[in-house]
Structures are given as C-alpha cells and as structure tokens.
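The structure appears right after this line, and notes come after that.
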Amino acid sequence: RETDATGKYVLPGLIDIHVHSRDPGPTYKEDFFHSTQAAAAGGITTVFEMPNTTPPTNNVENFRRQVANLTSKAHVDFGVWALCLGHLNNEDIPALHEAGAIGFKFFWGYAINKKTFQLTYNYKPGMNDVIPPFSDGEVYEIFQTVAKTGDVLAIHAEDSSLIQTLTEKVEKSGRRDYDALLEGRPNLAEEITIQMALSFARESDARLHVLHVSTGEGIELVQQAMAKGYPVSAETCPHYLFLSNEDYSKVGPILKVYPPVKYKKDQERLWKGIADGTITIVSSDHAPHTAEEKAGDLWSIPAGMCGTETLAPLMLNAVNEGRLSLQKLTALLSENPAKRFGLYPQKGSLAVGTDADLTIVDMNKETTIKAENLHSKSKVTAFDGYPIKGLPIETIVRGETVMKNGEIVHSPFGRFVTSNQ
Ligand code: DOR
Ligand code: ZN
Ligand code: ZN
C-alpha cells in the first residue's frame, strides 16, 4: 500500500565509530553482546570498539584476543581501535597496524595505572602506581609513530593538568554544581590540546581525527586547519548537539561526560560546523556506567552515558526539525566514516549489491526515548523522555536483517572489519 512507503528511505548502513563496550571488562557495566544489540536497534550496522578495556588493546596479543572475543558476541560488524601508551607501546604500533586496527586512540592528558594500563583522568602529583600524563615531546613521538602506519590517529583532546589546577580551587570553595565544573575551563583545555594536536599532525603527517569536539573554540581551529589543507577530520556527538549546561537542572549528574557538555554558544557553533563541513562525523561515544555508579555526587561519579541506540533517532529527529538534510545525515553517519577509515565502498554506499549494509528509516514514525527500553546493559541516558520523529525500522548487515521494528531478529554473526588501504 502506498501509505506504507511514505516517509521510508533506504540509507547505506550507519556506522558508529565511537563505542566503549567494556568487553572483556568491566562487563558489569556493558558487554559487546548488549552494545551491538543496542547498535542494531538504533539502525547501526558497524561499530568501532574503543581500546580502553580491561585489558586494553595495547599490543598484538591483546588485540587478537579482543577480535576473537568480540566476534563471538557481535550483532553487527565491527572495527577495533588500538590504544597508544607512549613509550610503553610505541614499538607495538606497527604490529597493531598489521593486525588490522581501525585506527589508534590517544587519551591526551590521562595518567596510566602501571599494573593494569587503565587510564585515570583525575591525576594528582604523587599518586601511587600511576604514570603521569606524557610530556609534549612524548606525545609528539606518538604522532610520529602512528603517522608511519598511515592509519588515523584519534585524540581525546583535553589537557587535564589545566583543568585539575583550576578545578581544585573551585572544589575548595565547596561548590558542586555543573557550572562550577565548567569553571575548570574545559573549553580552554580542549582548545589548547586541539591546537597542539593540529601542529603535531602538520609536522608528522599523522592523519588526525579529533574525537568528540565539544567547543566552538575547537571547531574554529579545525576549520582553519582544513582550510590550509591539513588531512584532519572531526567528530561530535548528540549530547553536544542537543544538550548544554542549561540542561543540567533537568538531567542531573548523569549528564557528566568527558569532555563535558558545554555552553549554548558551543552547541550553536557545532551545528554551524555540521552545516559548513568542518564536522565530518557524528558518533555516539557510547560509554555506559551502571545507574548506581551514576547516582552519586557530580564530582565523584564516572563520566559517560549510553548512546549508540539513540544516535540515529536523535539525528533523524533533527532532520525532521530542519536542522540538517537526510543527505547530510547519511554523510555524517555512513559515507564519511566509511571513507575516512578505508571501508568504502563495501560500507558507506548503496552501490554494492545484495550483501550491502542498509538502514531503513521511517521519517514519519513518532516515539519517545525511554531509558528502560534500551538494549544496552546500562540504561543510563540523558535523553530519557525525549520525543522523536524519525526512526530506523530495519537494520540489514551484509544482506541479513538484524533488527526489524525494534526487535533483534538475528543471532550474532558480525565480522571484524579492517581498512582496505
Ligand atoms: O566520558 C567519557 N567516558 N569520556 C572518555 O573519554 C572515556 C569514557 C569512558 O570510557 O567511560
Ligand atoms: Zn574520549
Ligand atoms: Zn569515548
């Protein structure tokens, strides 16, 4: 019937390049079985798994084990990020490239636990068993090392030493509200880190990808670099596009994420960055923690929230609100990531025949995001109760339907993908 086809579109399968599934650990927060069900439910056909797991993907042995582990649970196809740990693993980088890392991630400004290689944001001098954040010179060596592989170097761009110093002053004043957190000047921390990253990328020829840009200052810098022809890409996430500090009173401490959600003026600048092509990718930064962990004081709770299931619905809703075109959404969520990470045209394109990845969307379908209905283990989202018009209604991976009308209808058969360049 004609009415059934109204508002329905077939898109190339959507790709979420930024997912923390906590698998092989800490799986009490999330695991790959659940995160890829959530992805499929949200119209995503490929996810890239982040490397800050326990153990992290910092060497070939861990990387190969991770690929096998994820393969057994994957409802959608997946790439795997490798972790940069400076002098601790620079010599592992070429082999991680050979093993098929989709790219390398460096958490700028994070300290490292010596025993577990886990990353610690809140570094204070004298902390036991912790390697302090790297010097600028050592960070530059990471850029040089990854540049030689030709792979993308993705950075978490926040100089935490600056934030720490300023935040301690605010802490002493006893304030614990969200704007006190922003007085740690995370805008400035993002700006100076992106500035340095762009200079390092220019000098080393690294293919820089700036993860989760959250500030106007950051976007300005990326735009200038692009105008000069640097091979840089930039990403933002729905929480930066649809939320600001003004939402804290409504959303509460679960809003906490790194980088923090900033001011309304940043949000507006990010939308401008989408319109003018500075932002090339939108990802979820799916980073689940349990409801109990997220329930405490803003200062002490972990940063991150669920996102892969709500990424496409929120962006489709924005299409219906006239904030971007469906064509632009397809570029940001499928074509651009596929091209940037060497998956095109097998992914990110409609032109590959019967074993294509496809996301079918119904632009007229209305719903409300309900935390309790999420497929991830943790249900923590800042978008509980958010009204949506426009929804993925079928997710097809290599010709097989994985999700139909919100139901997961396939057992795990997702494949590990590597860049074809
Ligand atoms: O909020 C965040 N959560 N930011 C990060 O960079 C890491 C992530 C996590 O793994 O929890
Ligand atoms: Zn990050
Ligand atoms: Zn992340």
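Counting starts at 1 for both ligands and their atoms, following the listed order.
Those atoms of ligand 1 with a heavy atom of Gly304 less than 4.0 angstrom away are 1 (O). Residue Tyr110 has at least one heavy-atom neighbour below 4.0 Å for each of these atoms of ligand 1: 6 (O). Proximity to Val257 (heavy-atom distance under 4.0 Å) selects the following atoms of ligand 1: 1 (O). When each atom of ligand 1 is checked for a heavy atom of Phe107 under 4.0 Å away, the hits are 6 (O).
Residue Tyr258 has at least one N or O atom closer than 3.5 Å to an N or O atom of ligand 1. The N/O atoms of Ala303, backbone and side chain alike, include one that comes under 3.5 Å of an N/O atom in ligand 1.
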Working note: Lys272 + Glu268, criterion salt bridge (charged side-chain N to carboxylate O under 4.0 Å, His left out); need CA distance, chi angles, decisive distance, verdict. CA-CA 6 Å; Lys272 204 167 146 252; Glu268 280 158 17; over 6 Å; no
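Taking the N/O/S atoms of His156 in turn, the shortest distance to the Zn ion (ligand 2) belongs to ND1.
Between Glu183 and Lys169, no side-chain nitrogen of the basic residue sits less than 4.0 Å from a carboxylate oxygen of the acidic one, so the salt-bridge criterion is not met.
With the Zn ion (ligand 3) at the apex, Asp285 OD1 and His20 NE2 define an angle of roughly 90° (rounded to 10 degrees).
Within the 4.0 Å heavy-atom criterion, neither part of Tyr121 lies near ligand 1. Contacts between His239 and ligand 1 below 4.0 angstrom, taking non-hydrogen atoms only, are absent altogether. For His289, every heavy-atom contact with ligand 1 shorter than 4.0 Å involves the side chain, none the backbone.
The residue from Arg22, Met50, His156 that puts a heavy atom closest to atom 9 (C) of ligand 1 is Arg22.
Among the backbone and side-chain atoms of Lys105, an N, O or S atom lies under 2.8 Å from the Zn ion (ligand 2). Distance check for His18 against the Zn ion (ligand 2): none of its N/O/S atoms falls below 2.8 Å.
Between His212 and the options His239, His156, Glu158, Glu235, a side-chain hydrogen bond (donor to acceptor under 3.5 Å, both in side chains) holds for only His156. If you run ring pair (Phe, Tyr, Trp, His ring centres under 6.0 Å) between Tyr110 and each of Phe134, Tyr121, Phe117, Tyr258, only Tyr121 comes through.
Note on ring orientation: taking the six-membered ring where Trp is involved, the planes of Phe48 and Trp81 are perpendicular (angle over 60°, cut-offs 30° and 60°). Using cut-offs of 30° and 60° for the angle between ring planes, the Phe200 and Trp108 rings count as parallel.
A donor-acceptor contact closer than 3.5 angstrom is absent between the side chains of Thr215 and Asn187. Side-chain contact check for Asp179 and Asn245: at least one donor-acceptor pair (N or O, by modelled atom type) lies under 3.5 Å.
Lys250 pairs by the salt bridge (Lys or Arg N to Asp or Glu O under 4.0 Å) definition with Asp247, not counting sequence neighbours.
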